[in-house]
Trainee: 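One structure follows; several queries about it will come next.
We count ligands from 1, going down the list as the structure has it; atoms in each ligand are counted the same way.
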Amino acid sequence: MPRQPFIAVVGSANVDLTTFYDSFPKLGETVFGKRFDLGFGGKGANQAVAARLCGANVAIVAKVGNDLFGPATIKNFQSLGIDASCVRIADGVSSGVAPIFVDPNGENRIIVVKGANDLLAPQDVDAAAPLLRRAQAIVLQFEIPLRTVYYAARFAKSNGIRCIVNPAPAQPVDFEQLRGVDYFIPNESEAETITGMPVHTAGDAKDCARYLLEQSVRRVIITRGERGCVWASNEDTELLPSFEVQSVDTTGAGDAFIGSFAVFLGEALPEKDALRRASLYAALSTTKVGTQKSFWARAEFEKEWQKLGSRL
Ligand code: RIB
């Protein structure tokens with residue numbers, strides 16, 4: 001049995017309102033959608049849930065609104081066995097919500113309304129410090145104020161805790177504030193927005209990853225959906241392929257990748273093995289509809305790994 005890591009997420013929690021459509025309405029047009037799904041989401045929450053389903057002990061530091069969704073979000077964490085003692089309810093603001101539109105190929109467009117996520121402050125990191133100090137990894141995304149992300153990254157560094165930053169949604173980054181971060185993991189479009197470099201081909205992704213490394217982070221992984229990912233350190237870059245699956249909804253696949261990667265690394269697997277496993281975990285999540293509800297339990301994942309793992 002691998003050791004059970006403790007992963008802490010400082011990040012967002014949303015409720016996802018997902019509409020599946022055949023044709024997207026033009027301005028002023030009304031069309032019928034195919035199907036609707038309501039579920040728990042938010043990049044931080046999704047990564048916490050993926051880590052938990054992969055078998056880690058998990059805690060999340062987050063803020064939700066005092067509305068229908070806030071208490072339900074906390075209950076969802078608790079029912080999954082995620083420590084939500086540092087999730088606070090904020091008055092006078094909505095919970096984070098995300099209207100999501102999924103096209104017939106399973107590709108998505110997302111509008112995030114941050115709501116209470118925008119109130120997660122460095123003081124909340126301080127308040128959670130005793131919990132965070134016990135973590136093997138702190139996982140961060142960009143759906144909360146960046147000053148909180150930077151503060152938590154510095155907290156991780158000064159406490160010798162592995163720090164994984166997922167810069168999503170993409171925003172201009174002050175890399176000085178992320179100096180020494182262990183993993184910086186954007187997808188292609190985020191990498192493009194952050195650097196201003198084109199990231200279409202594997203070669204582009206490698207160039208972009210090298211540029212990002214020069215900005216002071218220790219490792220860069222650029223995820224490329226069904227085209228795998230590019231891993232880069234100061235010594236080397238490598239293109240890792242992805243697993244072929246029948247995708248129905250890619251929403252949350254990046255979160256599945258990051259949450260599971262944190263766990264596999266925390267189990268002390270060699271880095272490339274952890275990456276390959278995270279790639280399969282992410283690919284499998286696209287075979288089901290929704291975000292958190294599309295993530296696989298560890299036992300089910302292991303069965304697939306036994307069948308497919310050797311193919312990569
Ligand atoms: O990465 C997918 C997530 O992005 C969704 O769950 C949505 O809430 C947005 O945060």
Side-chain angles (χ1 to χ4, degrees), residues 9-20 36-53 60-65 67-70 72-74 76-77 80 82 87 93-103 106-120 139-146 148-149 164-171 185-191 193 221-226 229 247-262 278 281-296:
V9 174
V10 178
S12 58
N14 296 333
V15 166
D16 291 349
L17 306 116
T18 306
T19 299
F20 296 81
F36 175 76
D37 185 76
L38 182 71
F40 294 105
K43 295 180 194 302
N46 295 346
Q47 292 169 20
V49 169
R52 178 66 187 147
L53 291 176
I60 181 160
V61 180
K63 256 190 193 152
V64 293
D67 52 17
L68 270 181
F69 296 147
T73 297
I74 294 176
N76 178 53
F77 289 136
L80 290 162
I82 293 173
V87 180
V93 64
S94 77
S95 291
V97 292
I100 299 177
F101 304 93
V102 180
D103 75 9
E107 301 292 340
N108 61 67
R109 288 184 170 83
I110 304 179
I111 299 173
V112 170
V113 181
K114 287 200 278 180
N117 294 306
D118 225 10
L119 300 181
L120 197 70
V139 184
L140 305 165
Q141 325 71 30
F142 280 9
E143 277 182 343
I144 57 172
L146 288 192
T148 309
V149 173
I164 299 175
V165 176
N166 169 220
Q171 290 155 68
I185 314 184
N187 66 17
E188 288 172 302
S189 92
E190 288 148 7
T193 306
I221 299 165
I222 300 183
T223 57
R224 308 177 66 232
E226 59 190 7
C229 66
S247 287
V248 292
D249 178 6
T250 59
T251 316
D255 301 328
F257 180 92
I258 287 163
S260 64
F261 182 58
Y281 192 79
L284 291 174
S285 78
T286 70
T287 63
K288 298 187 200 169
V289 163
T291 41
Q292 293 175 21
K293 60 176 90 158
S294 72
F295 297 168
W296 288 45

Trainee: Pairs in or reaching into residues 107-119: which pass salt bridge (charged side-chain N to carboxylate O under 4.0 Å, His left out), with residues at least two apart or in two chains?
Mentor: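 Residue pairs with at least one partner in residues 107-119: Lys114-Asp118.
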Trainee: Can you list everything that forms a salt bridge (charged side-chain N to carboxylate O under 4.0 Å, His left out) with Glu188? Sequence neighbours excluded, please.
Mentor: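 If we apply the salt bridge (charged side-chain N to carboxylate O under 4.0 Å, His left out) test to Glu188, skipping adjacent residues, the hits are Arg224, Arg227.
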Trainee: Taking it one step at a time, do Asp67 and Ser94 satisfy side-chain hydrogen bond (donor to acceptor under 3.5 Å, both in side chains)?
Mentor: CA-CA 6 Å; Asp67 52 17; Ser94 77; 4.9 Å; no
Trainee: Just verifying a value: how many Å separate Gln47 CD and Ile164 CD1, rounded to the nearest 0.5 Å?
Mentor: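 Nearest 0.5 Å value for the CD-CD1 distance: 8.5 Å.
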Trainee: For Lys293, what residues pass the salt bridge (charged side-chain N to carboxylate O under 4.0 Å, His left out) criterion, not counting sequence neighbours?
Mentor: Asp37
Trainee: Using a threshold of 4.0 angstrom between heavy atoms of the protein and any atom of ligand 1, which residues qualify?
Mentor: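 Residues near ligand 1: Asn14, Asp16, Gly41, Gly42, Lys43, Asn46, Ala98, Ile110, Val112, Glu143, Gly252, Asp255, Thr291.
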Trainee: So, the side chain of Asn166 versus the backbone of Ile185: is there a donor-acceptor pair under 3.5 Å, distance only?
Mentor: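 Here the side-chain-to-backbone pair exists.
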